[in-house]
Amino acid sequence: MKKGQIYEGTVEKVLFPNKGQVKAEERTVTVKNTVPGQIIRYQVTKIRKGKAEGRLLEVLERSPLECQPACRHFSDCGGCTYQNLSYEEQLRLKEHQVKEILSQAVTGDSYEFEGVKESPRRYGYRNKMEFSFGDRQKDGPLELGMHRRGSFYDIVTVEDCRIADEDFGKILKETLAFFREREIPFYHKMSHKGYLRHLLVRKAANTEEKEILADLVTASWAEDGEKELLEAWKERLFSLPLEGTFAGILHTRNDRSADVVQDEGTEALWGRDYFYEELLGLKFQITPFSFFQTNSTGAEVLYETARSYIGDTKDQVIFDLYSGTGTIAQILAPVAKKVIGVEIVEEAVEAAKKNAKLNGLSNCEFIVGDVLKVLDTIEEKPDFIVLDPPRDGVHPKALKKIMDYGVERMVYISCKPTSLARDLALLQEQGYRVERACCVDMFCWSGNIETVCLLSNTQRKKKESYITLDVEMEDYYRIKNEGKNSNTGK
């Protein structure tokens, strides 16, 4: 087998999140963006240490599992993975992937795997989208949308995106038409010239007002007339028949070369630079760049599941590590003695403090910093720990400090089950046992899924059983000696 060779084969299985496995010349080749049962043509792109990777060229024969995609952009857009599977088939695939990963990681007694909990909304669930300006082919017309599947440069306009709120499509379409009419150039990644970079849209799903933030991200303007241009864009947005209402229309400047949304200064063209969302009876203030779950209704399912796993927390001190904007901490605070959140992103910590005050919670403390370092500075000892780390999981040194607390139980929430499996191996070595696990489908039609895992400390239970036995023996000998000294001698 050589790099560049073209093969045909059947996708035998798909590993998390979208890694199809095909056999060729007694090797297993990984080809992304495939589903089990497809017969495909692919080109080998990498061979290393006996493993091979390939790029999908063509689906020669569809899988029996496939259906007609609900989104007309699916074949071109790189935003979704499984629009060609029914929702039920997609959940079965994700459940099988996670169970297989956990079965290889979990040792000892069997645990209870509770399957996958569905998202309350399958379409239109995303409350945040970051659209990119660009072109579909070199020197083509201006486009605004998602990157084309497998491409770093090409952009596909996705005005009918099925996973985004319908108002987002209207804002995208009007914004694109406006800047096309004025022939405003987009920012080129290679030459670093041009103006238009991204359109960021966020919307509340659970409030009556359904407030919207629209933020145009651009490079610096080198000519006169930028103020008038932005004013005209703002007025075009006001003319749209939207379900929600604008909380603010913003402009963010970003002159960095990286192709990501960066904030180097944001001004409000109209309104304010935040809106409010509600989860499980609590209110949260959200800014353009603050972290918040992209599926509001799914987040309620996720946090309800975590809360049920945590159980009774009366008079307990809880550590919420990698706390983000403090959503979990605030959901637990009303039934806990104190909740301490640790998060490395300063903006997220400031948002958490504001939201705790907004919800009248005085027993929450949020600390900015790396969990690995911050744990050494906290005087309180936790009774319970919640872990909700980023995709790469917990740093091994931080995990060692977490395990040293020896809490009886902890809940681990993970958006990447392979990282969870790696951390579970370390936790089990130190005496923790997986009790329960389940998944919550927060990202319909993509390859990603959230996993919630409850762990208990078997070493602590053993120690407590020894203490109980010691007490029972002491009581036995005390009663025996008292009996000998009594009149009956029994």
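By convention here, the first residue in the shown sequence is residue 1.
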Which pair of non-hydrogen atoms, one from [X] and one from [Y], has the smallest distance, and what is that distance?
X	Y	result
L230	E267	CD1-OE2, 4.3 Å
A247	E211	CB-CB, 3.8 Å
K19	F16	CD-O, 3.9 Å
L372	A398	CD1-N, 3.5 Å
C438	K117	SG-CE, 4.3 Å
C453	V434	SG-CG1, 3.6 Å

pair [X]-[Y]: side-chain heavy atoms closer than 4.5 Å:
X	Y	answer
K13	E100	yes
Y187	K193	no
M1	V44	yes
N18	Y82	yes
K170	L242	yes
T81	P17	no
K99	L102	no
I40	V22	yes

To the nearest 0.5 Å, tell me how far [X] [atom1] sits from [Y] [atom2].
X	Y	atom1	atom2	result
K401	L321	NZ	CG	12.0 Å
D370	I344	CG	CD1	4.5 Å
Q68	Q83	CD	CD	10.5 Å
Q262	H198	CD	NE2	10.0 Å
T451	K94	OG1	NZ	10.5 Å
I163	C444	CD1	SG	9.0 Å

More than 12 heavy atoms of other residues, nucleotides or ligands under 6.0 Å from [atom1] of [X]: is that the case?
X	atom1	result
R391	CZ	yes
K173	NZ	no
K189	NZ	yes
E166	CD	no
K234	NZ	yes
E208	CD	no
K354	NZ	no

Looking only at side-chain N and O atoms, does [Y] offer a donor or acceptor that is under 3.5 Å from a partner on [X]?
X	Y	answer
E226	Y195	yes
N84	E66	yes
T245	E209	no
K51	T28	no
N295	T297	yes
Y87	E89	no
E58	Y42	no
Q330	N359	yes
H251	T266	no

Tell me which pairs pass side-chain hydrogen bond (donor to acceptor under 3.5 Å, both in side chains) where either residue lies in residues 341-350, with sequence neighbours left out.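 Passing the test, one end in residues 341-350: T287-E347.
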Quick one: which of R41, Q43, E25, R27 gives a side chain to side chain donor-acceptor pair (under 3.5 Å) with Y7?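 So the option named by the test is E25.
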Please determine if [X] forms a cation-pi arrangement with [Y], meaning its NZ or CZ atom is less than 6.0 Å from the six-membered ring centre and no more than 45° off the ring axis.
X	Y	result
R272	Y274	yes
R126	F443	no
K283	Y276	yes

Would you please test L387 and V411 for side-chain contact (heavy atoms from CB on, under 4.5 Å) and show each step? CA-CA 6 Å; L387 296 172; V411 163; over 6 Å; no
For E277 and S296: C-alpha separation, side-chain torsions, deciding distance, then whether side-chain hydrogen bond (donor to acceptor under 3.5 Å, both in side chains) applies. CA-CA 8 Å; E277 177 63 299; S296 295; 2.8 Å; yes
Verdict with supporting geometry, S119 and D441, side-chain hydrogen bond (donor to acceptor under 3.5 Å, both in side chains): CA-CA 5 Å; S119 170; D441 189 31; over 6 Å; no
Would you confirm whether the ring centroid of [Y] sits within less than 6.0 angstrom of the ring centroid of [X]?
X	Y	value
Y123	W445	yes
F133	F131	no
W270	F246	no

Between [Y] and [X], is there a salt bridge with N-O shorter than 4.0 Å?
X	Y	answer
D165	K203	yes
E95	R92	no
E143	R180	yes
E159	R72	yes
E231	R236	no

Hey, mind stepping through V394 and Y322 against side-chain contact (heavy atoms from CB on, under 4.5 Å) and telling me if it holds? CA-CA 9 Å; V394 184; Y322 311 94; 3.3 Å; yes
Among R148, R149, R136, which residue meets the salt bridge (Lys or Arg N to Asp or Glu O under 4.0 Å) test with D76?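 Testing D76 for a salt bridge (Lys or Arg N to Asp or Glu O under 4.0 Å) against R148, R149, R136 leaves exactly one candidate, R136.
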Assess the residue pair L60 and E8 against the criterion (side-chain contact (heavy atoms from CB on, under 4.5 Å)); give the C-alpha distance rounded to whole Å, side-chain angles, the decisive distance to 0.1 Å, and a yes or no. CA-CA 9 Å; L60 300 174; E8 295 178 5; 3.5 Å; yes
Donor-acceptor pair, N254 side chain versus D263 backbone, under 3.5 Å?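 No; judged by distance alone, with no hydrogens or angles, the pair does not exist.
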Below 30° counts as parallel, above 60° as perpendicular, anything between as tilted: where do the rings of H147 and F152 land?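 The rings of H147 and F152 lie parallel, inter-plane angle below 30°.
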In sequence, state the C-alpha distance, the side-chain angles, and the governing distance for Y309 and V452, and then conclude on side-chain contact (heavy atoms from CB on, under 4.5 Å). CA-CA 9 Å; Y309 274 28; V452 186; 3.7 Å; yes
